[in-house]
There are 2 protein chains.
Amino acid sequence: MARTQGSHSDITGPRIRAAALGLFARHGFAAVSMRQIAGAVGVQAGALYNYTPDKQTLLYELMRGHLNDLLAARAAEMPGADPMARLENFTRFHIRFHIERPDEVFIAYMELRNLEPANFTEIERLRRAYEDELETILRDGVKSGVFAVSDPRIVTYAVIAMLNGVNTWYRAGGRLSLEEVEALYWDMVRKSVSA
Amino acid sequence: MARTQGSHSDITGPRIRAAALGLFARHGFAAVSMRQIAGAVGVQAGALYNYTPDKQTLLYELMRGHLNDLLAARAAEMPGADPMARLENFTRFHIRFHIERPDEVFIAYMELRNLEPANFTEIERLRRAYEDELETILRDGVKSGVFAVSDPRIVTYAVIAMLNGVNTWYRAGGRLSLEEVEALYWDMVRKSVSA
DNA sequence: AGTTTAACTGAACAAGTGTTCAAATCAAAC
DNA sequence: GTTTGATTTGAACACTTGTTCAGTTAAACT
């Protein structure tokens with residue numbers, strides 16, 4: 001077996017995913033051709049098929065990778081015990097994680113409709129697992145009386161929508177620091193669900 | 001001049017726009033072909049060009065129409081004088097208007113990247129005009145002391161992102177009535193910006 | 001009845017699509 | 001220095017794309 005080391009394959013693979021990520025985020029999955037991705041990597045279109053069975057799977061793997069990263073990073077957090085501390089931890093974690101990955105986040109929300117049904121189901125399952133964390137925090141807070149939330153599921157959607165909005169305006173090196181952004185959103189989230 | 005009455009032109013035009021709206025919302029602008037739109041209307045692709053100079057303009061006109069409707073409907077509202085009442089009016093108006101037009105809203109947010117620069121600029125101008133209404137309410141409320149908002153522009157983005165989230169889960173005839181949805185979001189908005 | 005013309009068809013155009021694959025290329029392993 | 005097999009090329013495939021336009025249809029006017 002020749003070229004197990006020094007092979008281009010462990011270099012080209014990531015470069016393809018990176019190029020696809022950027023192009024999908026900028027122009028949309030359907031508007032980007034395999035030849036464009038190949039061109040960005042400096043390779044012919046046929047070479048892409050050593051790394052993905054098809055274009056659809058390339059998109060799916062990007063989304064799945066992103067959501068797995070999200071869930072793994074979330075699992076590594078050590079939130080406190082009481083609901084208020086956990087909500088603050090969740091809010092700040094979400095802002096931080098999403099601000100660092102605008103392209104992944106954009107794709108994971110905008111390209112759902114381009115997933116084949118089976119892939120869509122799996123992506124939705126992962127996203128749901130993440131949202132359930134927030135919903136559980138809200139329910140616990142209602143139980144203990146610190147939160148006044150009439151419908152925890154809907155409020156979960158509302159809070160996540162608000163937090164995701166950060167990516168519509170935030171640009172690295174902008175007017176506000178990460179800490180200021182975190183503090184601003186945490187202030188709004190805390191007040192919006194407090195009793 | 002023949003066929004000024006009984007002509008199909010005043011029927012086909014709206015049907016084309018309606019078909020394009022639904023298809024763009026479901027599959028995305030780039031993923032929908034002119035032949036698909038024509039097929040949905042029951043006409044050949046060439047006939048579409050009696051109603052739009054090109055595919056791009058079809059998208060642009062849909063977005064511009066939607067945002068003009070939005071601004072016109074907003075201008076017809078008679079909010080009260082004090083910031084709290086105006087904020088409640090804005091919130092309920094926004095929810096109501098957006099819930100009734102899921103396809104238009106979806107397109108107006110998701111297909112911005114498919115607009116040519118000149119068209120993009122104009123759409124952004126209209127959206128900005130709408131957002132400025134909310135920002136003004138927030139600034140007035142800060143001045144009069146009823147709102148505690150550190151950065152009115154960013155909070156405007158946050159509130160609008162939260163409200164737009166309604167379209168990710170709301171379905172007509174679902175568990176909650178329109179009034180319940182309005183009340184739920186208004187409760188969150190009010191608390192999140194209150195002093 | 002005959003004329004006019006808006007509305008539409010259907011075929012054509014050049015360019016681009018995702019994907020396949022035999023052949024060429026290359027660097028590591030022997 | 002040759003073998004080996006992973007990696008890439010480049011051409012080809014069948015099909016779709018947005019758009020144009022000469023020609024057909026049919027309703028409304030004189």
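Note that the structure is predicted; figures quoted are calculated from it, not measured.
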Nearest to side-chain heavy atoms of [X], which nucleotide of [options]:
X       : options                : result
B/Lys55 : C/dT9, C/dT19, D/dT19  : D/dT19
A/Thr12 : D/dT8, C/dG10, C/dT19  : D/dT8
A/Gln36 : C/dT17, D/dT7, C/dT19  : C/dT17
B/Val43 : C/dC8, D/dT9, C/dT19   : C/dC8
A/Tyr49 : C/dG18, D/dG18, D/dT17 : C/dG18
B/Ala47 : C/dC8, D/dT9, C/dT20   : C/dC8

Measure from [atom1] on [X] to [atom2] on [N] and round the result to the nearest Å.
X        : N      : atom1 : atom2 : result
A/Ile37  : C/dT17 : CD1   : P     : 11 Å
A/Arg15  : D/dT8  : CZ    : C1'   : 14 Å
A/Ile11  : C/dA27 : CD1   : C1'   : 15 Å
A/Asn50  : C/dC21 : CG    : C1'   : 11 Å
A/Asp54  : C/dC21 : CG    : C1'   : 17 Å
B/Asn114 : D/dG18 : CG    : P     : 12 Å
B/Leu48  : D/dC21 : CG    : C1'   : 15 Å
B/Gln44  : D/dT19 : CD    : P     : 17 Å

Parallel, tilted or perpendicular: which describes the rings of B/His66 and B/His98, with under 30° parallel and over 60° perpendicular?
->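 Because their plane-to-plane angle is over 60°, the rings of B/His66 and B/His98 count as perpendicular.
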If the plane angle is over 60° it's perpendicular, under 30° parallel, otherwise tilted; pick one for A/Phe93 and A/Tyr130.
->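 Ring orientation, 0 to 90° scale: tilted.
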Between [X] and [Y] (salt bridge meaning N to carboxylate O under 4.0 Å), is one present in this structure?
X        : Y        : value
A/Lys55  : A/Glu111 : no
B/Glu135 : B/Arg153 : yes
A/Arg175 : B/Asp151 : yes
A/Arg64  : A/Glu61  : yes
B/Glu179 : B/Arg96  : no

Table of protein N/O atoms under 3.5 Å from nucleotides 11-16 of chain D N/O atoms:
unit_1 : atom_1 : unit_2  : atom_2 : d
D/dA12 : N6     : A/Arg35 : NH2    : 3.4

Please confirm whether A/Arg127 makes a cation-pi placement over A/Tyr109, using NZ or CZ under 6.0 Å from the six-membered ring centre and within 45° of the ring normal.
->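 That pair qualifies as a cation-pi contact.
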Scan the side chains in residues 33-42 of chain A for donor-acceptor partners under 3.5 Å anywhere in the protein, sequence neighbours excluded, and list what turns up.
unit_1  : atom_1 : unit_2  : atom_2 : d
A/Ser33 : OG     : A/Arg35 : N      : 3.4
A/Ser33 : OG     : A/Gln36 : N      : 3.1

Selection: residues 20-32 of chain B, any non-hydrogen atom under 4.0 Å of DNA chain D =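 Within this stretch, B/Val32 sit under 4.0 Å of the strand.
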